[in-house]
Amino acid sequence: MSLPTKLKPGKDLMAKEALRDPKVINLITESLVKTTDDYFIGNCEWKDGTRSDMVLEPKNALSDLPPLIVEIQHTINKAFMKRAVSFCLQAFARYHKDPIILIICVEKLNQDNIHVKLSKLPGAFSYFSEPWAEHCYIISKESTKDNLSIPLHPLVALGSFFTNRSLSLADHPFKNDPTVQYLYTSAILQHQISVINKDIPLSFMDFQLMEYDKLLTLAHSLGQPQLGEAVNDAKTRTLTMKRGYEEVFITESSLNKKKTSVPPPTTSTPTTAADRNDSKFEKAMKFVAEFKQKKEEKEETMDWVACLKEGKDLNILKYKNSESLRQQFIKT
């Protein structure tokens, strides 16, 4: 059993695929607050434009349960912990309760600057958080090393799944652990479901767009501008529908797929307003994708506010605010 390369544990897409599974959510909530089936995935976008990997909200807003924040982070250092504190302060402003934050360190925990101690949770460190969070837990290779007896504690298994970063279950040191086995199975299943559900309707819409291009060529050759205008309107509506549908199914390769799915107009096809707008849109989304990639290479959180400002300075982005930009990028 092997994961696609883009789903390597520790990558952003892997975090999305693994964490949204209901059983994994219950694993987290049972470990942190001793309850199951009482949380749902909330809004992961914060007011300042930054974003957490997962935010869990209590289903009952009147309960005493705190919000939960989960972060999958390659390197934990002072810069990241400042962002984590910011997430928690914004969570308090939103929910009026101090949150619990769980951070899974995939690669390096800088203990020279980040002073941690053993916590009550198996395989987790505790980080001082009294002024800004109810608890801050950190799982890393160092924190789990004394809790590696099979069967693993579920939280230790979750940490091991990310910290070992094995594409194949056969290569994982705890491949016989039932929780580790479930995590691999669930990640593959979630990915397959998203690909199947996403590709079938999108393939149909791509076919429609190609047919519209043929009709535009025909309208031009027949000298019927009204027909061409009607087809152009239909093409624009289909493109809008396609982008709206893609909002539900986020994958790293979707932007490249969109670029290749619709052939460019032939030399006999006139350039239309819809074509020009689509070209500007693709240029804008390419800029955002490259900005995000640079952030990931530096192991930094995506900064939508800075991205929008830089894009406006280059006359590439014209969005009203960072949230509008983020929502549009999700659609691609």
Evaluate the side-chain proximity of [Y] to [X]: yes if any heavy-atom separation is below 4.5 Å, no if none is.
X: Lys97; Y: Pro67; answer: yes
X: Val288; Y: Met302; answer: yes
X: Gln181; Y: Leu183; answer: no
X: Ser126; Y: Leu118; answer: no
X: Leu158; Y: Thr179; answer: no

| Shortest non-hydrogen contact between Ile103 and Cys136, atoms and distance | CD1-SG, 4.1 Å
| Who pairs with Lys318 by side-chain hydrogen bond (donor to acceptor under 3.5 Å, both in side chains), at least two apart in sequence or on another chain? |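 Listed in chain order: Asn315.
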| What pairs with Glu290 under side-chain hydrogen bond (donor to acceptor under 3.5 Å, both in side chains), at least two apart in sequence or on another chain? | none
| field | Which residues share a ring-ring contact (aromatic ring centres under 6.0 Å, His included) with His135, sequence neighbours left out | value | Tyr137
| field | Phe125: partners by ring-ring contact (aromatic ring centres under 6.0 Å, His included), with sequence neighbours left out | value | none
| Would Thr29 and Leu56 count as a side chain to side chain contact (heavy atoms under 4.5 Å, CB included) if you check the C-alpha gap in whole Å, the side-chain angles of each, and the deciding distance to 0.1 Å? | CA-CA 9 Å; Thr29 61; Leu56 295 175; 4.0 Å; yes
| query | Side chains of Glu134 and Ser129: donor-acceptor distance under 3.5 Å anywhere? | reply | no
| said: Once salt bridge (charged side-chain N to carboxylate O under 4.0 Å, His left out) is applied, what residue pairs with a partner in residues 306-317 remain, sequence neighbours excluded? | reply: Lys309-Asp313
Distance-only donor-acceptor hits, side chain of residues 31-43, under 3.5 Å, sequence neighbours excluded:
unit_1 : atom_1 : unit_2 : atom_2 : d
Ser31  : OG     : Leu27  : O      : 2.9
Thr35  : OG1    : Asp38  : OD2    : 2.3
Asp37  : OD1    : Asn26  : ND2    : 3.0
Tyr39  : OH     : Pro66  : O      : 2.6
Asn43  : OD1    : Glu45  : N      : 3.0

| message | What verdict does the ring pair (Phe, Tyr, Trp, His ring centres under 6.0 Å) test give for Phe174 and Phe161, after you've listed the backbone C-alpha separation in whole Å, the side-chain angles of each residue and the deciding distance to 0.1 Å? | response | CA-CA 9 Å; Phe174 303 103; Phe161 173 69; over 10 Å; no
Solution key, residues 80-89 side-chain donor-acceptor pairs under 3.5 Å, sequence neighbours excluded:
unit_1 : atom_1 : unit_2 : atom_2 : d
Arg83  : NE     : Thr301 : OG1    : 2.8
Arg83  : NH2    : Thr301 : OG1    : 3.3
Ser86  : OG     : Gln90  : NE2    : 3.1

| Pairs involving residues 291-321, ordered by first then second residue, that meet ring-ring contact (aromatic ring centres under 6.0 Å, His included) (sequence neighbours left out) | Trp304-Phe329
Using the side chain to side chain contact (heavy atoms under 4.5 Å, CB included) criterion, which residues pair with [X]? Sequence neighbours excluded.
X: Asn147; answer: Pro122, Val156
X: Ala79; answer: Asn77
X: Asp64; answer: none
X: Phe92; answer: Asp98

